[in-house]
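For reference, the structure is listed below as structure tokens.
Starting from 1, each residue takes its place in the sequence as its number.
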Amino acid sequence: YFNLTMSGGGTKNAAGVIDVNGTLTLISGNLNTAANTITLINATDATQLSGGSSASYVISTGAGRLRREDLANSVAHNFPVGTSIHYLPVIVNPATGTTNDFAANVFQGVTYNATEAGTAMNPKTGIVDAVWNVDRISGSGNAIITLNWDAGEDALEGTNFAVWPDSHIGISRYAGGWQVSTGTGN
């Protein structure tokens, strides 16, 4: 596709891999990747994506992913992803690097091995019950990753999570096992 616009409400399912050479515009309704990747390959990263909100985003669970290529350094890039019922966007801000290609997907239901089909983690009182997968496909260097969920998503927040101060909130990384959390919440 050159330009691809999601409008009209409802959910549309990708029947295969989608490459968007122009702009992906998200107005209303969701675009479900299924097991496919939607790649934004416009060389001008500022025009790769328009819109993206709880009213219109990319459902990217399972193997499906939203990929953005050639992202500029020191710029916050939105990955408007979520599940069929939760909008869980990611912001990627590459601090350095020569090639910055990233892909993201998310699923609800934290598991012991960080896979969607894994054994559910219990108890979930101190966590947000979602797993974001953010991968740098090419390039190197640091990046600031911000994980988001809409206010009022109490179904995702464990009972203890909501009352903790930001200094007790961090991001855990899975690398053969869950790592000690890093960063801080807000």
Side-chain angles (χ1 to χ4, degrees), residues 1-6 14 17-27 30-31 33 36-61 63-83 86-107 114 127-128 130-151 153 156-157 161 164-175 178-186:
Y1 296 93
F2 184 75
N3 293 319
L4 178 61
T5 299
M6 180 63 206
V17 171
I18 296 175
D19 291 335
V20 180
N21 293 297
T23 303
L24 172 62
T25 302
L26 300 169
I27 299 170
N30 298 325
L31 181 56
T33 63
N36 303 298
T37 297
I38 297 173
T39 304
L40 309 183
I41 56 179
N42 183 341
T44 307
D45 66 334
T47 61
Q48 285 180 346
L49 178 67
S50 175
S53 69
S54 60
S56 188
Y57 58 90
V58 176
I59 297 173
S60 62
T61 59
R65 304 174 68 76
L66 175 61
R67 179 175 174 173
R68 298 189 64 183
E69 295 185 349
D70 298 320
L71 300 179
N73 291 329
S74 303
V75 176
H77 303 280
N78 186 25
F79 285 72
V81 297
T83 70
H86 298 290
Y87 178 52
L88 304 165
V90 175
I91 305 296
V92 176
N93 187 341
T96 60
T98 53
T99 304
N100 294 302
D101 298 350
F102 287 86
N105 71 346
V106 63
F107 64 88
I127 63 173
V128 173
V131 174
W132 288 262
N133 293 300
V134 180
D135 294 311
R136 179 177 240 144
I137 304 301
S138 62
S140 61
N142 295 325
I144 298 168
I145 308 292
T146 305
L147 309 176
N148 296 285
W149 58 97
D150 280 347
E153 291 282 4
L156 292 174
E157 294 181 1
F161 185 87
W164 285 346
D166 289 348
S167 62
H168 285 80
I169 299 171
I171 297 173
S172 294
R173 178 175 173 260
Y174 186 85
W178 286 103
Q179 309 295 308
V180 175
S181 64
T182 61
T184 59
N186 185 7

Legend entry - Step-by-step side-chain contact (heavy atoms from CB on, under 4.5 Å) determination, N148 to Y87: CA-CA 8 Å; N148 296 285; Y87 178 52; over 6 Å; no

Inset, instruction - Apply side-chain contact (heavy atoms from CB on, under 4.5 Å) to the pair V106 and V90, showing each step before the final yes or no. - result: CA-CA 9 Å; V106 63; V90 175; over 6 Å; no

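A side-chain contact (heavy atoms from CB on, under 4.5 Å) with F102 is found for exactly one of E69, R68, R136, namely R136.
Shown here are the side chain to side chain donor-acceptor pair (under 3.5 Å) partners of D135, two or more places apart in sequence or in another chain: R65. Considering only residues two or more places apart in sequence or on other chains, T47 meets the side chain to side chain donor-acceptor pair (under 3.5 Å) condition with N42.
Residue D70 holds its CG atom at 11.0 Å from CG of L40, rounded to the nearest 0.5 Å. Interatomic distance, Y1 OH to N21 CG, rounded to the nearest 0.5 Å: 12.0 Å. Within the model, atoms CG of N105 and OG1 of T83 stand 11.5 Å from one another, a figure rounded to the nearest 0.5 Å. To the nearest 0.5 Å, atom CG of residue L4 and atom OG1 of residue T25 are 8.0 Å apart. Atom CG of residue L71 and atom NE2 of residue H77 lie 4.5 Å apart, to the nearest 0.5 angstrom. Atom CZ of F79 sits about 10.0 Å away from atom CZ of R67, to the nearest 0.5 Å.
The side-chain heavy atoms of P80 and L66, taken from C-beta on, include a pair separated by under 4.5 Å.
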